Amino acid sequence: MRIATWNVNSIRARVDRVTAFLERHDVDVLAIQETKCRDDQFPHLPFEALGYEVAHVGHNQWNGVAVVSRVGLEDVQVGFAGMPGWGEPVAAEARALSAVCRGVRIVSLYVPNGRGLDDPHMVYKLDWLARLRDAAHGWLEEDPQAQVALMGDWNIAPQDEDVWSMEYYLDKSHVSPPERAAFQAVLDAGYTDVVRPHTPGPGTYTYWDYTQLRFPKRQGMRIDFALATPALAERVEHAEIDREERKGKGASDHAPVIVDLRA
DNA sequence: ATGGTTGACCCTCAA
């Protein structure tokens, strides 16, 4: 089974590219982030025409996550237990959705952007990650054999080699010790980054800013990850980042991350 | 000059 994750930066602007990607790579399940649309605006038809079922949550033009699958889509859960909200009044954002696809719970995650080290959004981000860790830990406590994939845009570069310049990011979001500790806490809860071993750095990235010619200059960040429970991690036989998808007109600023599982 | 791009609820905000 082949699963993947991709921050598409608007599903309506990118639908042709996304469906072409599914076909080209023969992907069974795709976790999508930043659909940037409401549920009624999601382009279901192109996916259904290719044999995929769609589960999506989107409240407005911000955020929005989905799971599309051609190997079953059961027990869809919007958000996760304890997921913090944002705003006035506080409300849940469309940043997490999961479904069981052929026995594997695929979780599509769009971790809040902390914006700045002293920004209120950073407090929200760290709280959100702490609660995600608790929920993820709970799934594993409940069933140590659970097959769960936490896939998405984490907005964290866990290691120095995951950014093109530590000097550039030192006073910015994504590399700060609290963010890295929040990511590590998920690993400590029993999850493994199943992509890094197959895509070693340095210089291996999943995101390149649209501005400043970051992509041609190879100045990116590795911030999109697939974390797996032990029972799922042992099934991983290959993983890759499809850098080709960052090329050309109409590219998202993120590249898709692909994981191959043994039957 | 310093966000040089992209996308969304036209337009400022978010990334």
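Letters A, B, ... mirror the listed sequences (proteins, then strands); counts begin at 1. All values derive from a computational prediction rather than experimental measurement.
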Taking the P atom in each of B/dC11 and B/dT5, what is the distance between them to the nearest angstrom?
22 Å
From the candidates B/dT5, B/dC9, B/dG7, the one with an atom nearest any side-chain atom of A/N60 is B/dC9
Mind checking the C1' distance from B/dC9 to B/dG3? Whole angstroms is fine.
23 Å
Check for me whether A/R246 meets the cation-pi criterion with A/F21, that is, NZ or CZ under 6.0 Å from the six-membered ring centre and within 45 degrees of the ring axis.
no
A/Q219 CD to B/dG3 P, in whole Å, measures 15 Å
Short side-chain N/O contact to B/dA8 OP1/OP2 from A/Q41, under 4.0 Å:
no
In whole Å, what is the span from the CD1 atom of A/I32 to the C1' atom of B/dG7?
17 Å
Pair A/K125 + A/D119, salt bridge at N-O below 4.0 Å:
no
Side-chain donor-acceptor pair present, A/R105, A/S98, cut-off under 3.5 Å
yes
Distance check needed: B/dA15 P versus A/D119 CG, whole Å only.
10 Å
So does A/D28 pair up with A/R2, basic N to acidic O under 4.0 Å?
no
Which nucleotide in B/dG7, B/dG3, B/dA15 has an atom nearest any side-chain atom of A/N113:
B/dA15
Crowded around A/D118 CG? As in, over 12 foreign heavy atoms under 6.0 Å?
no
Salt bridge between A/R222 and A/D162, side-chain N to carboxylate O under 4.0 Å?
yes
Between the protein and nucleotides 11-13 of chain B, list the N/O to N/O atom pairs that are separated by less than 3.5 angstrom.
none

Let's see if you get this right: which residues in residues 6-14 of chain A place a heavy atom under 4.0 Å from DNA chain B?
A/N9, A/S10, A/R12, A/A13, A/R14
Select base, sugar-phosphate, or nothing to describe what A/Y207 touches, counting heavy atoms under 4.0 Å on all strands.
nothing
A/E34: which residues meet the salt bridge (charged side-chain N to carboxylate O under 4.0 Å, His left out) condition with it, sequence neighbours left out?
none
A/Y110 atom OH is separated from B/dG7 atom C1', nearest whole Å, by 12 Å
So, for A/Y205 and A/W164, is the gap between ring centers shorter than 6.0 Å?
no
What is the distance, rounded to the nearest whole Å, between atom CD of A/E34 and atom P of B/dA8?
11 Å
When you measure from every atom of DNA chain B, which of residues 165-183 of chain A have a heavy atom less than 4.0 Å away?
none
Between B/dG4 and B/dC10, how far is it from one C1' atom to the other, in whole Å?
23 Å
Quick one: salt bridge (charged side-chain N to carboxylate O under 4.0 Å, His left out) partners of A/E161, sequence neighbours excluded?
A/R196
Using the side-chain heavy atoms of A/Q212, tell me which of these nucleotides is nearest: B/dT5, B/dA15, B/dG4.
B/dG4
Which value, in whole Å, describes the distance between the P atoms of nucleotides B/dA1 and B/dT12?
23 Å
Could you tell me how far apart A/R214 (CZ) and B/dT6 (C1') are, to the nearest whole angstrom?
16 Å
Enumerate the residue pairs fulfilling ring-ring contact (aromatic ring centres under 6.0 Å, His included) with a member in residues 70-104 of chain A, sequence neighbours excluded, ordered by first and then second residue.
A/F80-A/W128, A/W86-A/H121, A/W86-A/Y124
Can you work out whether A/A251 or A/N63 has the more 5'-proximal nearest nucleotide on DNA chain B?
A/A251
Protein-nucleotide distance (A/Y210, atom OH; B/dA14, atom P), rounded to Å:
18 Å
Centroid-centroid under 6.0 Å between A/Y210 and A/F215 rings:
no
Value in whole Å for how far the P atom of B/dC9 lies from CG of A/D40
10 Å
Using a strict cut-off of less than 4.0 Å between a Lys/Arg side-chain nitrogen and an Asp/Glu carboxylate oxygen, indicate whether A/E245 and A/R17 qualify as a salt bridge.
yes
Regarding A/N155, tell me which of base, sugar-phosphate or nothing describes its non-hydrogen contacts under 4.0 Å with the strands shown.
nothing
Of A/D253 and A/R38, whose closest DNA chain B nucleotide lies nearer the 5' terminus?
A/R38
Donor + acceptor pair across side chains of A/T5, A/Q33 (<3.5 Å)
yes
